[in-house]
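This chain uses plain numbering: 1 for the first residue, then up along the sequence.
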Amino acid sequence: MTYVIESARPGDSAWLGPLLLKAWLQTYPNPEMGIDEDWIREHRGSSATAEGIAQWREFIEAANRQPDLLFCRVVRSDTEIVGVLCGRRSEVITLGPMYLLNHVQGQGLGGRMITEFLTWAGAAPICLWATDYNDSAVRFYQRHGFKITGERELWQGKLPNLRMTREVASSVNHS
């Protein structure tokens with residue numbers, strides 16, 4: 001199967017809400033934390049509704065109008081969208097969401113997506129939130145230069161997230 005990473009189009013919004021819900025259902029269930037399918041559908045199910053899809057369309061249209069401020073790429077096969085990576089530029093750059101469905105992980109697509117994102121970000125510092133028990137995501141971000149800051153949050157009172165940042169090395173003056 002061939003996968004293409006490209007800028008999201010407004011019509012992709014119909015795929016992205018359901019994609020995020022599916023990715024959450026694949027990634028975040030954790031009985032010890034009280035995070036099950038019902039909890040995920042309660043807190044992320046709106047992404048797959050008409051309202052959630054409209055919000056995606058608005059974001060994609062804004063990203064296409066302001067590509068210097070907003071980043072949104074999708075991973076597309078011949079038949080479906082299987083991944084997404086978005087970001088925003090302000091004082092610092094925020095990375096997220098970034099998701100690949102389970103059946104396409106391990107094929108280098110995440111690395112290709114983040115390389116494109118890092119090129120877009122340039123020399124600016126980048127921050128993101130990662131779920132602390134999503135070990136593969138934390139390791140992935142660490143391989144790409146992100147460090148855990150120690151800052152934590154409980155999203156919706158249950159999902160434990162940790163802050164990660166990527167600082168750009170300062171240039172050294174050798175004169």
Side-chain angles (χ1 to χ4, degrees), residues 3-9 12-30 35 40 43-48 52-53 55-60 62-64 66-77 80-90 92-122 124-149 151-153 155-156 159-168:
Y3 297 99
V4 177
I5 299 169
E6 61 187 11
S7 294
R9 302 184 288 246
D12 294 338
S13 59
W15 286 93
L16 293 182
L19 170 87
L20 256 64
L21 179 58
K22 185 173 184 178
W24 271 67
L25 289 167
Q26 290 178 348
T27 306
Y28 297 121
N30 185 321
I35 299 171
I40 291 169
H43 291 89
R44 295 305 298 173
S46 64
S47 67
I53 291 166
Q55 289 172 347
W56 270 109
R57 177 178 287 278
E58 289 172 17
F59 181 81
I60 292 166
N64 290 337
Q66 300 176 303
D68 54 326
L69 298 178
L70 301 171
F71 181 95
C72 191
R73 301 293 186 274
V74 296
V75 180
R76 191 184 308 278
S77 73
E80 64 181 334
I81 292 176
V82 297
V84 62
L85 171 56
C86 298
R88 296 174 181 272
R89 183 185 308 271
S90 58
V92 297
I93 292 180
T94 304
L95 184 156
M98 179 177 183
Y99 291 104
L100 280 171
L101 295 179
N102 285 350
H103 71 280
V104 297
Q105 291 182 14
Q107 300 180 41
L109 294 169
R112 287 173 44 201
M113 285 190 343
I114 199 145
T115 297
E116 192 169 324
F117 182 82
L118 295 174
T119 299
W120 173 81
I126 304 168
C127 64
L128 62 89
W129 288 103
T131 298
D132 74 356
Y133 60 81
N134 188 351
D135 296 332
S136 62
V138 172
R139 284 191 310 271
F140 171 84
Y141 291 125
Q142 287 173 324
R143 282 195 310 272
H144 291 279
F146 289 83
K147 296 185 180 354
I148 298 169
T149 66
E151 183 181 355
R152 297 182 173 274
E153 71 165 12
W155 187 78
Q156 297 294 329
L159 189 71
N161 291 324
L162 50 89
R163 174 69 83 184
M164 299 183 77
T165 60
R166 184 177 192 269
E167 301 293 333
V168 176

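The salt bridge (charged side-chain N to carboxylate O under 4.0 Å, His left out) search around E151 returns R163, not counting sequence neighbours.
Note: E153 CD to D132 CG = 10.5 Å, rounded to the nearest 0.5 Å. One finds the CG atom of L21 at 10.0 Å from the CD atom of Q26 (value rounded to the nearest 0.5 Å). Note that CG of L85 and CG of L109 are 12.0 Å apart. Values are rounded to the nearest 0.5 Å. If you take CD on E80 and OG on S77, they are separated by 4.5 Å, rounding to the nearest 0.5 Å. Here the straight-line distance linking atom CG of D135 with atom CD of Q142 works out to 9.5 Å at 0.5 Å rounding. Remark: Q55 CD to S13 OG distance equals 11.0 Å, nearest 0.5 Å.
Summarising the geometry of V138 relative to A130, their closest heavy-atom pair is CG2-CB, 4.2 Å, with the distance given to 0.1 Å. Taking both residues in full, the closest heavy atoms of A62 and L70 are given as CB-CD1, 3.6 Å, listed atom of the first, atom of the second, then distance. Taking both residues in full, the closest heavy atoms of A8 and I60 are given as O-CG2, 3.5 Å, listed atom of the first, atom of the second, then distance. Closest heavy-atom contact between Y133 and T27: CE1-O, 4.4 Å. Taking both residues in full, the closest heavy atoms of A63 and C72 are given as CB-CB, 4.3 Å, listed atom of the first, atom of the second, then distance. Contact detail for E116 and I5: the closest heavy-atom pair is OE1-CG2, 3.7 Å.
By the 30° and 60° cut-offs, the orientation of the rings of W24 relative to Y99 is tilted.
Checking each of L95, L159, N161, T94 against W129 for a side-chain contact (heavy atoms from CB on, under 4.5 Å) leaves exactly one that passes, namely N161.
Remark: R143 is not positioned above the aromatic ring of Y141, lacking an NZ or CZ atom under 6.0 angstrom from the ring centre and at most 45 degrees off the axis.
When side chains are defined from C-beta on, R73 does not count as touching F117, because their heavy atoms never get closer than 4.5 Å. With a 4.5 Å cut-off on side-chain heavy atoms, L100 and Q107 do not count as touching. Side-chain contact between C86 and W56: present, with at least one pair of heavy atoms (C-beta onward) separated by less than 4.5 Å. A 4.5 Å side-chain heavy-atom check between W120 and I93 finds at least one atom pair inside the cut-off. Side-chain atoms of V84 and L19, non-hydrogen and from C-beta on, do get closer than 4.5 Å to each other. In this structure, F140 and M98 have side chains that are in contact, with non-hydrogen atoms separated by less than 4.5 Å. Residues I126 and M164 have side chains not in contact (no heavy-atom distance under 4.5 Å, counting atoms from C-beta outward). Under the 4.5 Å side-chain criterion, counting only non-hydrogen atoms from C-beta, R88 is in contact with F59.
Checked for salt-bridge contact, D68 and R89 miss the test: no charged N lies under 4.0 Å from a carboxylate O. Ionic pairing of D12 and R76 is present here: one or more N-O contacts between side-chain nitrogen and carboxylate oxygen are shorter than 4.0 angstrom.
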Open item on the list: Before you tell me yes or no, could you show the steps for V74 and L16 under side-chain contact (heavy atoms from CB on, under 4.5 Å), namely the whole-Å CA-CA distance, both residues' side-chain angles and the distance that decides it to 0.1 Å?
Closed with: CA-CA 9 Å; V74 296; L16 293 182; 3.9 Å; yes

TODO: Test R44 against Y28 for side-chain contact (heavy atoms from CB on, under 4.5 Å), laying out the working first.
DONE: CA-CA 11 Å; R44 295 305 298 173; Y28 297 121; over 6 Å; no

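T131 places no side-chain N or O within donor-acceptor distance of the main-chain N or O of N134, the cut-off being under 3.5 Å. Looking only at distances, a side-chain donor or acceptor of R166 sits under 3.5 Å from a matching main-chain atom of H144.
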